[in-house]
Amino acid sequence: MDRQPLKKLVLIGFMGTGKSTVSKLLAEKLDWKRVDGDEEIERLENRLISDIFAADGEAGFRIIETKVLDTILTSEECSVIATGGGAVLSEVNRELMLSKGFVVALKASSEQIIARVKNDTARPLLEGNAVERVNLLLEQRKHAYDFAHLTIDTTDMSAEEVVDAILAQHVIS
Ligand code: S3P
């Protein structure tokens, strides 16, 4: 790990693992800016994620995602960044995250993920049978989040406990 002051805390993890909630609390505690990758994409594109998928497909969405992630990660501001669950699929994105910040992977049981996302209509990759889609994607991505500096299984933890666990590691790194 390099010795430059860390200015970015990057949260990765499958959909429904709590990145958004945890990023809000973390940013508050650190008094850092909070940036949500998906919200930035929607703001800059002036389109919903579901509309981008519908018009440009997943491949088109991934191109935009990489561009936006690069902008977010190369800014000078100290920030907590919540990334979309598939942002880790690109090697370029993974290298960027590792080189610019402290990367924390949030994990959760498939039951909890399903409970959190099953009624959500904003996630195009879960269209159809959400339970089947989650299980398939979890299988396909079972090692996709392994590159993080720190991994936390949030299944039995409150958001506050997750934040404390991250801060305990981040401060000494
Ligand atoms: C995706 C996760 C979503 C969003 C898009 C694709 C994925 O973000 O980026 O729907 O590939 O896992 P969340 O993880 O915030 O739901």
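Both counts, for ligands and for their atoms, begin at 1 and track the order of listing.
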Visitor: Applying a heavy-atom cut-off of 4.0 Å, say which part of Arg116 lies close to ligand 1: side chain, backbone, both or neither.
Guide: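 The answer is neither.
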
Visitor: Number the atoms of ligand 1 from 1 as they appear, then name those within less than 4.0 Å of a heavy atom of Leu125, with their elements.
Guide: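 Result: 7 (C), 11 (O).
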
Visitor: Are Ile81 and Lys8 close enough, and set up right, to give a side chain to side chain contact (heavy atoms under 4.5 Å, CB included), and what steps lead you there?
Guide: CA-CA 7 Å; Ile81 299 155; Lys8 308 284 184 219; 3.7 Å; yes

Visitor: Tell me the protein heavy atom at minimum distance from atom 12 (O) of ligand 1, and give that distance in Å.
Guide: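 Answer, as residue, atom name and distance: Arg141 NH1, 2.7 Å.
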
Visitor: Are Arg94 and Ser99 linked by a side-chain donor-acceptor pair shorter than 3.5 Å?
Guide: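 The criterion, which ignores hydrogens and geometry beyond distance, is not satisfied for Ser99 and Arg94.
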
Visitor: Working to the nearest 0.5 angstrom, can you tell me the gap between Lys100 NZ and Leu73 CG?
Guide: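 Going from the NZ atom of Lys100 to the CG atom of Leu73 covers 8.0 Å.
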
Visitor: Which atoms of ligand 1 sit under 4.0 Å from any heavy atom of Phe61?
Guide: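 That gives atoms 9 (O) of ligand 1.
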
Visitor: Name the residue from Leu138, Asn135, Leu137 that meets the side-chain contact (heavy atoms from CB on, under 4.5 Å) definition with Ile113.
Guide: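 Going through the options one by one, the only one that passes is Leu138.
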
Visitor: Could you check if a side-chain atom of Ile12 sits within less than 4.5 angstrom of a side-chain atom of Phe147, using non-hydrogen atoms only?
Guide: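 Ile12 reaches Phe147 side chain to side chain.
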
Visitor: Test side chain to side chain contact (heavy atoms under 4.5 Å, CB included) on Arg116 and Gln112 and set out the steps.
Guide: CA-CA 6 Å; Arg116 284 185 184 156; Gln112 195 168 92; 3.0 Å; yes

Visitor: Identify the protein heavy atom lying closest to atom 2 (C) of ligand 1, giving its residue, its atom name and the separation to 0.1 Å.
Guide: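 Answer for atom 2 (C) of ligand 1: Gly85 N, 3.4 Å.
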
Visitor: Provide the number and element of each atom of ligand 1 under 4.0 Å from a heavy atom of Arg123.
Guide: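 By the 4.0 Å cutoff, the relevant atoms are 16 (O).
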
Visitor: Are Glu39 and ligand 1 in contact, using a heavy-atom cut-off of under 4.0 Å?
Guide: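 No, that is not the case, since the closest heavy atom of the residue is not under 4.0 Å from the ligand.
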
Visitor: Quick one: does Lys19 get within less than 4.0 Å of ligand 1, heavy atoms only?
Guide: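 Yes, Lys19 has a heavy atom closer than 4.0 Å to ligand 1.
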
Visitor: Using a 3.5 Å distance criterion without hydrogens, assess whether the side chain of Arg133 forms a donor-acceptor pair with backbone atoms of Leu125.
Guide: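 Yes.
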
Visitor: Are more than 12 heavy atoms from other residues, nucleotides or ligands located less than 6.0 Å from atom CG of Asp146?
Guide: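 Counting neighbours around CG of Asp146, more than 12 heavy atoms of other residues, nucleotides or ligands fall under 6.0 Å, so yes.
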
Visitor: After noting the C-alpha distance and the side-chain angles of Val104 and His149, does the key distance pass the side chain to side chain contact (heavy atoms under 4.5 Å, CB included) rule?
Guide: CA-CA 6 Å; Val104 181; His149 295 116; over 6 Å; no

Visitor: May I ask you to list the atoms of ligand 1 that are less than 4.0 angstrom from any heavy atom of Gly86?
Guide: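 Those of ligand 1 that fall under 4.0 Å from Gly86 are 1 (C), 7 (C), 11 (O), 12 (O).
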
Visitor: Can you list the atoms of ligand 1 that are under 4.0 Å from a heavy atom of Arg62?
Guide: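 Result: 7 (C), 11 (O).
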
Visitor: Short list, please: which atoms of ligand 1 are under 4.0 Å from a heavy atom of Pro124?
Guide: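 Listed by number with element, the hits are 10 (O).
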
Visitor: Looking only at protein heavy atoms, which one is nearest to atom 8 (O) of ligand 1, and what is the separation?
Guide: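 Checking every protein heavy atom, the shortest distance to atom 8 (O) of ligand 1 gives Asp38 OD2, 2.7 Å.
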
Visitor: With only distance considered, is Ile49 within less than 3.5 Å of ligand 1 through an N or O on each side?
Guide: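 For ligand 1, there is no N or O atom that lies under 3.5 Å from one belonging to Ile49.
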
